[in-house]
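Quick notes on the structure that follows.
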Protein chains: 2
Amino acid sequence: MPDTQDLDPRKAAILEAVVTEYIGSAQPVGSHHVARAAGINVSSATIRSEMVALEREGYLSQPHTSAGRIPTDKGYRFFVDQLAEPGVLGPAQRQKVSRFFEQVHGEMEEMLERTSGLLSDLTSYASVVLPPGHESAPVRSVQVVGLGPRLALLVVVLADGAVEKRTMDLAEDVTDEVLAAASARLQAAAQSLPLGAASVSASSGDPAVDCVVALARAAMAEVAAEAHDRVFVGGPSRLASAFDAVETVRAVLSTLEQQLVVVSLLRDVLERGLSVAIGAEHGYEPLSSCAVVVAPVSVDGQNAGAVGLLGPTRMNYPQALAAARAVGERLGQRLGGSLDPAHGAPVPSGARRRAHGRG
Amino acid sequence: MPDTQDLDPRKAAILEAVVTEYIGSAQPVGSHHVARAAGINVSSATIRSEMVALEREGYLSQPHTSAGRIPTDKGYRFFVDQLAEPGVLGPAQRQKVSRFFEQVHGEMEEMLERTSGLLSDLTSYASVVLPPGHESAPVRSVQVVGLGPRLALLVVVLADGAVEKRTMDLAEDVTDEVLAAASARLQAAAQSLPLGAASVSASSGDPAVDCVVALARAAMAEVAAEAHDRVFVGGPSRLASAFDAVETVRAVLSTLEQQLVVVSLLRDVLERGLSVAIGAEHGYEPLSSCAVVVAPVSVDGQNAGAVGLLGPTRMNYPQALAAARAVGERLGQRLGGSLDPAHGAPVPSGARRRAHGRG
DNA sequence: CCTGGCACTCGATTCTACCGAGTGCCAGGG
DNA sequence: CCCTGGCACTCGGTAGAATCGAGTGCCAGG
């Protein structure tokens, strides 16, 4: 049970009241409002003096004299750690999540994309879905497919279902047979090893095959090296409503466009064992007016990416946490061994829309 | 040779002055400023009376009495069609483009993603890259790869280098040999046909193989049906600076999040043979304060997607057009037969005398 | 130690005055 | 006839003063 730690109960109650009120109204909250809040049975004067103390201790701040108080990052932090009771999803939201995971289908990427949409929908914050890194996933299949005269595509399937591909410019024309032979050799060499680790036994006798194999190995190494740090961002437009300064919006959005930054932000937060990073805590300056909520996704106990939410520091932490955790968990299950959705039956291939533009 | 069409030269000159001035300053422009503009040798009073006429004819509007004039959509349209001389990229930009296409590599999707970044960088508007639809591309390779006990991945490579994949839940455990056999049969049946069109000859004798083949065919049909209308949006944060009303920003961004809408917007504009759609012209209400600039991408004369820019109606059309066209063209070359980045390829028609560094 | 009371602060709102960019109109001149 | 300079007028934007009110800090009394 969350209990106060270094604040006496009354201060804690006041802080809680301020935070919840401010999260709701976005207006500085004054002693009167707090006094009226549930569970507080002292006069506004008392509240005031307590608030002075809370401000001195760094939990609250005043935008200007004679205005109400606003929680500081530290105040939010205390709220999240000590006060907020674990949020619960409303029944409607819970249902949305279930529906989604029952009905979702198709490919991993598409699924993650839509998952981020879901999260953002649930919370009306911007969401982020970090796909599982597949650095360590063993190779299941390697194939070189001819595309044009001197052009081939290397396609590698990993055990986790990821497909990596890369075009290769060939030095000279090559027959399909050569490609097939090269594929076979590569397959034999790389099978079950992680992407970079294949070692091909000496020569095959056919120099053309050797050449393709060499190219493909190089390409595989390249692919393995390029940490494929894609990230799926959902509902960035929600951020526009979260801040009123258009410049803040721009700064946050433009940070969100840098996939690498987002990835390392999430990783950092997770690594520090946090599920919430508030304001400056995460150390990414342009996001200092934002809070980040992260929930890991795990498949069979293995770390397999994460989902996160990005909103203003005055975000609804309990709800955001609940949503992120729920979605993270369900996503883990979905990605995990039991690929079949909870309700058992494999997804029916029914929804077939005739989708020809007007062409 | 753009000449005035239904405006006498002086009106046209005034309109041009208003548009260019307004594009630069975002402030309503008054008769004085116009009078001072180059090529106008009449007094402000004359300008005023002309402006009254232009307003009556729908080319200009007044935010309120006693303010300067602002171009209407019709005004911009006239400007774009009749007045603006074809923009040219500055040398710095030109170089950026060249550099980019020399250095870009990796997979199609990544390349398109980065292309949209480039376009957005060049223009500081939000950009959109519409990948070539590959409905008609023939299948080059079909493969079923086992992932888990009852889980397999169908991987289809199309001739244009696109890779489609889909997980398949198998009814029962299947050996790798069965999958290989199924792959072979599928490959034989689908090879060189468009995605949906494969027809598999009767039975193979092994019911397990038949089962996998049937599943895979269904999956292929599904994949073919799902018009895979992805679109790459670059630099949406630029939109935040383009409008000052945060609500406009939100609305535009949220429209931009709906990939389908964006795709059909671009298609519509292209189909109507336009390269610019201003304000309400495109009929997408939430984007009525935006203008869209589109340039087709063609590979060997074949339509292969498009690139576009999205900005406020008071955008720099000549520059945007130039950038979109240049990038579209280069992208087409890059995607086209000559996959090698050699820019030794003849530079298109636009005669230019500016010597640029040899590469 | 809490409380009600009180003086005080200061952002927000309203009102006024005013400036100035810009307009429409008009009479006079090439 | 068309252009021009002049003039009265409009109206948004800015500045300053007055006012309001939410909120504070402090204090004396219970």
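Per chain, numbering begins at 1; letters A, B, ... match sequence-line order.
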At under 4.0 Å, does any side-chain N or O of [X] touch on OP1 or OP2 of [N]?
X: Arg10(B); N: dC3(D); value: yes
X: Thr46(A); N: dT3(C); value: yes
X: Arg69(A); N: dT24(D); value: yes
X: His33(B); N: dG22(C); value: yes

In whole angstrom, give the distance that lies between atom [atom1] of [X] and atom [atom2] of [N].
X: His32(B); N: dT23(C); atom1: NE2; atom2: P; result: 8 Å
X: Ile47(A); N: dT24(D); atom1: CD1; atom2: C1'; result: 14 Å
X: Lys11(B); N: dC2(D); atom1: NZ; atom2: C1'; result: 13 Å
X: Glu50(B); N: dC3(D); atom1: CD; atom2: P; result: 7 Å

For residues 55-65 of chain A, tabulate all N or O donor-acceptor pairs below 3.5 Å that involve a side-chain atom, not counting sequence neighbours.
from	atom 1	to	atom 2	distance (Å)
Glu55(A)	OE1	Arg69(A)	NE	2.9
Glu55(A)	OE1	Arg69(A)	NH2	2.9
Gln62(A)	NE2	Ala67(A)	O	3.1

Donor-acceptor pair, distance only, cut-off 3.5 Å: does the side chain of [X] make one with the backbone of [Y]?
X: Gln319(A); Y: Asn316(A); value: no
X: Glu257(A); Y: Ser237(B); value: yes
X: Ser127(B); Y: Ser116(B); value: yes
X: Glu50(A); Y: Arg10(A); value: no

- Message: Using every non-hydrogen atom in the two residues, find where His282(A) and Cys290(A) come nearest and quote the distance to one decimal.
- Response: NE2-O, 3.8 Å

- Measure across Val262(B) and Thr255(B) and return the closest heavy-atom pair with its distance rounded to 0.1 Å. CG2-O, 4.0 Å

- Where the side chain of Arg48(A) is concerned, which of dT23(C), dG22(C), dC6(C) is the nearest nucleotide? dC6(C)

- Task: Can you figure out which of dT23(C), dG25(D), dC3(D) approaches the side chain of Ser31(B) most closely?
- Result: dT23(C)

- Query: Does Asp268(A) come within less than 4.0 Å of Arg272(A), counting only side-chain N to carboxylate O?
  - Reply: no

- Salt bridge between Asp121(A) and Arg238(A), side-chain N to carboxylate O under 4.0 Å? yes

- Note on the structure: To the nearest 10 degrees, the angle between the two end axes of the helix from dC1(C)-dG30(D) to dG30(C)-dC1(D) (five pairs per end) comes to 20°

- Item | Nearest-nucleotide comparison on DNA chain D, the residue closer to the 5′ end among Asn41(B) and Gly68(A) | Asn41(B)

- Just checking Ala45(B): base, sugar-phosphate only, or nothing, at a heavy-atom cut-off of under 4.0 Å? base

- Task: Using a 4.0 Å heavy-atom cut-off, write out nucleotides 11-16 of chain D from 5' to 3' as B (base contacted by protein), S (sugar-phosphate only) or - (no contact).
- Result: BS----

